[in-house]
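Just so it is clear, the structure is predicted and the values come from calculations on it, not from any experiment.
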Amino acid sequence: MSVGIGEAFWAATGEPTAVPAAIGAGVLNDTDHLLDYYLWYIKKNPRRLYLLLHGWEYCAAAAIFALVAGNHPVLLAAAVANAGHLLGDYIAHKPKSPLTYSMFYRAAVRFERMRLVGG
């Protein structure tokens with residue numbers, strides 16, 4: 001999905017760096033699972049779910065920065081790709097709350113996995 005978003009921004013704006021920006025923002029955010037997997041499988045503590053790079057707030061911040069920078073196509077591609085990733089995760093994983101992919105919400109519920117996604 002991220003490649004397609006990047007290519008769409010490249011085609012629409014002529015900015016080829018929209019492709020790697022979209023790939024980075026839409027794929028590399030999954031590296032945050034490494035912390036959770038470490039806690040669950042190495043430390044044997046599955047109580048928390050951090051997902052530190054999964055947050056609608058990041059999409060909003062990137063979109064605001066893009067608009068302030070004059071509709072910067074690379075930042076817009078990154079914001080849209082990140083949002084596409086989160087939407088795909090939301091559809092695929094069906095979390096308990098629509099707010100699960102908000103950093104503020106996860107912090108408010110103390111990153112408690114059972115309150116976010118269940119067992």
Please say which of Arg115, Met114, Lys96 ends up in a side-chain contact (heavy atoms from CB on, under 4.5 Å) with Val109.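 That would be Arg115.
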Between atom [atom1] of [X] and atom [atom2] of [Y], what is the distance when rounded to the nearest 0.5 Å?
X: Asp36; Y: Leu49; atom1: CG; atom2: CG; answer: 5.0 Å
X: Met103; Y: Leu53; atom1: CE; atom2: CG; answer: 8.5 Å
X: Leu86; Y: Trp56; atom1: CG; atom2: CH2; answer: 5.0 Å
X: His93; Y: His54; atom1: NE2; atom2: NE2; answer: 7.0 Å
X: His33; Y: Leu35; atom1: NE2; atom2: CG; answer: 11.0 Å

Show every side chain to side chain donor-acceptor pair (under 3.5 Å) that has at least one partner inside residues 3-22, sequence neighbours left out.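 As it turns out, the side chain to side chain donor-acceptor pair (under 3.5 Å) pairs with a partner in residues 3-22, which skip direct neighbours, are Glu15-Thr17.
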Could you check whether any side-chain N or O of Arg47 sits under 3.5 Å from a backbone N or O of Arg113, counting only pairs where one atom can act as donor and the other as acceptor?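 Absent.
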Please confirm whether the backbone N or O of Arg110 pairs with a side-chain atom of Arg48, one donor and one acceptor, at under 3.5 Å?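 Looks like yes, one N/O pair under 3.5 Å.
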Could you walk me through whether Leu51 and Tyr101 pass the side-chain contact (heavy atoms from CB on, under 4.5 Å) check? CA-CA 8 Å; Leu51 296 176; Tyr101 288 104; 4.2 Å; yes
Full working for side-chain contact (heavy atoms from CB on, under 4.5 Å) between Tyr50 and Leu39: CA-CA 10 Å; Tyr50 291 100; Leu39 294 172; 3.4 Å; yes
Please answer: with hydrophobic residues joined when any side-chain heavy atoms are less than 4.5 Å apart, are [X] and [Y] in the same cluster?
X: Val117; Y: Phe104; answer: no
X: Ile5; Y: Tyr90; answer: no
X: Val19; Y: Leu75; answer: no
X: Ile64; Y: Leu76; answer: no
X: Leu116; Y: Leu52; answer: yes

Are any non-hydrogen side-chain atoms of His72 and Phe65 less than 4.5 angstrom apart?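 Not touching, per the 4.5 Å side-chain cut-off.
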Cys59 side chain near Asn82 side chain, heavy-atom distance below 4.5 Å: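 Yes. Closest side-chain heavy atoms under 4.5 Å.
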Minimal non-hydrogen separation, [X] against [Y], with atom names:
X: Arg106; Y: Thr100; value: NH1-O, 2.7 Å
X: Tyr105; Y: Ser97; value: OH-CB, 3.7 Å
X: Pro16; Y: Gly14; value: CD-O, 3.1 Å
X: Ser2; Y: Val27; value: OG-CG2, 4.1 Å
X: Asn71; Y: Leu67; value: OD1-CD2, 2.8 Å
X: Pro73; Y: Phe9; value: O-CD2, 3.8 Å

side-chain contact (heavy atoms from CB on, under 4.5 Å) for Asp30 and His85? Distances and angles first, verdict last. CA-CA 9 Å; Asp30 268 342; His85 179 104; 3.1 Å; yes
For the pair Trp40 and Tyr37, name the ring-plane relationship: parallel under 30°, tilted 30 to 60°, perpendicular over 60°.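 The arrangement is perpendicular - the two ring planes meet at more than 60°.
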